[in-house]
Amino acid sequence: MGNAIVRTVEAPEHGAFETGTCGGFPTYKPDSKFAKCNDKQMSGTSLFYKSSDGYVGPDSFKVLIIYPNLLAYKMIVR
């Protein structure tokens with residue numbers, strides 16, 4: 001179906017994040033109707049956070065994640 005889209009709602013105060021593409025294999029339970037997909041490599045969207053140089057401590061940010069089926073939700077990353 002495609003990768004999710006990530007949009008910034010509230011940027012981190014002490015760093016930055018970026019998105020990328022990653023790959024992996026699904027891990028559906030054997031009795032799931034999607035179990036046959038477990039042997040197929042799929043791509044996904046990854047989110048990477050890096051704090052500002054020298055900063056040590058908590059940080060958070062909010063993103064809007066939009067899935068290929070157009071479902072969306074806001075997520076707070078801490």
In Å and rounded to the nearest 0.5 Å, what is the CD1 to CG distance from I5 to L64? 9.5 Å

Linking I/L/V/M/F/W/Y whenever their side-chain heavy atoms sit closer than 4.5 Å, directly or via other members, would M75 and F61 fall into one cluster? yes

How many angstroms lie between atom OG1 of T19 and atom CZ of R7, to the nearest 0.5 angstrom? 8.5 Å

Which atoms form the tightest heavy-atom contact between A4 and Y67, and what is the distance? CB-CD2, 4.1 Å

Is any side-chain heavy atom of F25 closer than 4.5 Å to a side-chain heavy atom of Q41? yes

Less than 4.5 Å apart, side chain to side chain, heavy atoms only: is that true for P26 and F34? no

Side-chain donor/acceptor of Y55 to backbone N/O of P58, under 3.5 Å: yes

Are any side-chain N or O atoms of S52 and backbone N or O atoms of H14, one a donor and one an acceptor, separated by less than 3.5 Å? yes

Distance, nearest 0.5 Å, that separates NZ of K33 from OH of Y28: 10.0 Å

Taking all non-hydrogen atoms of both residues, which atom of D59 and which atom of E13 are closest, and how far apart? OD1-N, 3.1 Å

Neighbour count >12 (heavy atoms, 6.0 Å) for atom CE, M42: no

Closest non-hydrogen atoms of P12 and Y49, given as atom of the first, atom of the second and distance, are CB-CE1, 3.9 Å

Are I76 and L47 joined in one hydrophobic group, where the rule is that I, L, V, M, F, W and Y side chains link up if heavy atoms are under 4.5 Å apart? no

To check you understand the geometry: which heavy-atom pair defines the closest contact between A35 and P30, and what is its length? CB-O, 3.6 Å

V63 vs F17 side-chain heavy atoms within contact, under 4.5 Å: yes

In terms of hydrophobic clustering (I, L, V, M, F, W, Y; side-chain heavy atoms under 4.5 Å; direct or indirect links), are V6 and I66 co-clustered? no

Provide the closest heavy-atom pair for T21 versus S46 in the form atom of the first, atom of the second, distance. N-OG, 4.0 Å

